[in-house]
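Contents: one structure, followed by commentary.
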Protein chains: 2
Amino acid sequence: MKLDPIPANPSDDPFDDDFDIIEPLCAVFRRALKGEGLKYTPERARILDTIIRRDGMFEADQLLEQMRSDGFRVSKATVYRTIKLLEDASIIQRVLFDRDQSHFQLAYGKAANTLLVRMDTGEVEAIEVPELIALRDKLCAARGLKAEGHRLQIFAVGE
Amino acid sequence: MKLDPIPANPSDDPFDDDFDIIEPLCAVFRRALKGEGLKYTPERARILDTIIRRDGMFEADQLLEQMRSDGFRVSKATVYRTIKLLEDASIIQRVLFDRDQSHFQLAYGKAANTLLVRMDTGEVEAIEVPELIALRDKLCAARGLKAEGHRLQIFAVGE
DNA sequence: GTGCGTGCAAAGACTTTGCACGTAC
DNA sequence: GTACGTGCAAAGTCTTTGCACGCAC
């Protein structure tokens, strides 16, 4: 994929009002930015909105392509920079199951560190596994360590 | 890291006889290569041997550096090409917990899919967690799926 | 108005590939 | 002797960064 120069924008104003129809997360992001002395820009709002609409795993340039096909002017650099901010704000999290590219998913409000990956359909579902915390803490304690987090990916197929 | 040109070789003959002191895995690799009509070369033997001696997680250029400091002439390209062959032969497996680089580990004979990553020291230990299989199978069964594999990373610090 | 943000191009980091020469079989 | 392998350099990908202009606060 090799698209850097931004194509002309079909709609004149890239900043219109329905970009934040999903209020809560935008508010979270806004607050996080303000806390760092950073600004809530149309581009950042759009990017988060696009992520929310996708509602699934995404890659940086999927996001870029989708935004462009939706008629938004955004640069690759801004997408990457915003992804980093969203990660810092714990609104999205990096997944890492493909060696070529980083994948991300919404993470806010859930500790989505267990993924059920369907190898036949490609679907990825974030699931809750409370038992894992106990298991992980036990394993660490047995070695004199303190668990700070974990990540589990389960690969499955329908039967 | 930026070292491509191979430095002059301290020992004249890069191919001496103790490169395959650990017989079994070399034999496995040799057989796998023969099966594909490929050749068992000194470089390939050395690379596998170096991996076995390390006995832990490794990255492509760690391998390269170690081989060079051991006095072997090998190129980056050959290391990458051989890693791919070893992966195909299921002798090593790719780990993916760092977004910058692929990590690998010996895979032959064990299913090392749980990693304990020490965030303070950077150490990574592959551990066995039999309970995980049952847990994972249960989660899949509850959704009408069949588990094919899993991968767990636990992040911890000393206390 | 100031300082952060954006787009663009270029640089970076890891990995892959084309080519000519060399070697395992 | 032939086909595969190697080293080197260059190209490829994904991601990051320097810079000048622009906008949110």
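Since we're looking at a predicted model, the values are computed, not measured. By convention in this document, chain letters (A, B, ...) are assigned in the order of the sequence lines, proteins followed by strands, and residues within each chain are numbered from 1.
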Phe104(B): ring pair (Phe, Tyr, Trp, His ring centres under 6.0 Å) partners, not counting sequence neighbours: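 Phe58(B).
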Is the backbone N or O of Thr82(A) less than 3.5 Å from a side-chain atom of Arg44(A), with the two atoms forming a donor-acceptor pair by type? no
Check whether Arg46(B) reaches the backbone of Phe72(B) with its side chain - one donor and one acceptor, N or O, closer than 3.5 Å.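 No; judged by distance alone, with no hydrogens or angles, the pair does not exist.
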Nearest-Å distance for atom pair [atom1]/[atom2], residues [X] and [N]:
| X | N | atom1 | atom2 | value |
| --- | --- | --- | --- | --- |
| Leu86(B) | dT15(C) | CG | P | 15 Å |
| Gln62(A) | dT15(D) | CD | P | 11 Å |
| Phe104(A) | dC14(D) | CZ | P | 13 Å |
| Asp61(A) | dT13(D) | CG | P | 12 Å |
| Lys34(B) | dG5(D) | NZ | P | 14 Å |
| Arg30(B) | dA24(C) | CZ | C1' | 10 Å |
| Phe29(A) | dA24(D) | CZ | C1' | 14 Å |
| Glu65(B) | dC14(C) | CD | P | 11 Å |

Would you mind telling me which of [options] lies closest to the side-chain atoms of [X]?
| X | options | result |
| --- | --- | --- |
| Tyr80(A) | dT16(C), dC8(C), dT16(D) | dT16(D) |
| Arg81(B) | dG18(C), dG7(C), dT15(D) | dG18(C) |
| Ala77(A) | dA9(D), dG7(C), dT15(C) | dG7(C) |
| Gln101(B) | dC14(C), dG7(D), dA9(C) | dC14(C) |

[X]: side chain to side chain contact (heavy atoms under 4.5 Å, CB included) partners, not counting sequence neighbours:
| X | value |
| --- | --- |
| Glu43(A) | Thr41(A), Thr78(A) |
| Ile133(B) | Arg136(B), Asp137(B), His150(B) |
| Asp88(B) | Lys84(B) |

Identify whether any heavy atom of Lys84(A) sits under 4.0 Å from a base atom; if not, whether one sits that close to sugar-phosphate; answer base, sugar-phosphate or nothing. sugar-phosphate
Regarding Arg54(A) and Gln62(A), do their side chains bring together a donor and an acceptor under 3.5 Å, going by distance alone?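 Side chains of Arg54(A) and Gln62(A): pair found under 3.5 Å.
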Are side-chain N/O atoms of Gln93(A) and Glu87(A) paired as donor and acceptor at under 3.5 Å?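 The answer is no; no qualifying pair exists.
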With 3.5 Å as the limit, what N/O pairs link the protein to nucleotides 2-5 of chain C?
from	atom 1	to	atom 2	distance (Å)
dG3(C)	N2	Lys39(A)	NZ	3.0
dG3(C)	N3	Lys39(A)	NZ	3.4
dC4(C)	O4'	Lys39(A)	NZ	3.3
dG5(C)	OP1	Lys39(A)	N	3.3
dG5(C)	OP1	Arg44(A)	NH1	2.3
dG5(C)	OP1	Arg44(A)	NH2	2.8

For Leu63(B) against Val79(B), the heavy-atom pair lying closest together: CD2-CG1, 4.2 Å
Roughly how bent is the helix from dG1(C)-dC25(D) to dC25(C)-dG1(D) end to end, in steps of 10 degrees, with each end axis from five pairs?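 About 40° separates the two local helix axes.
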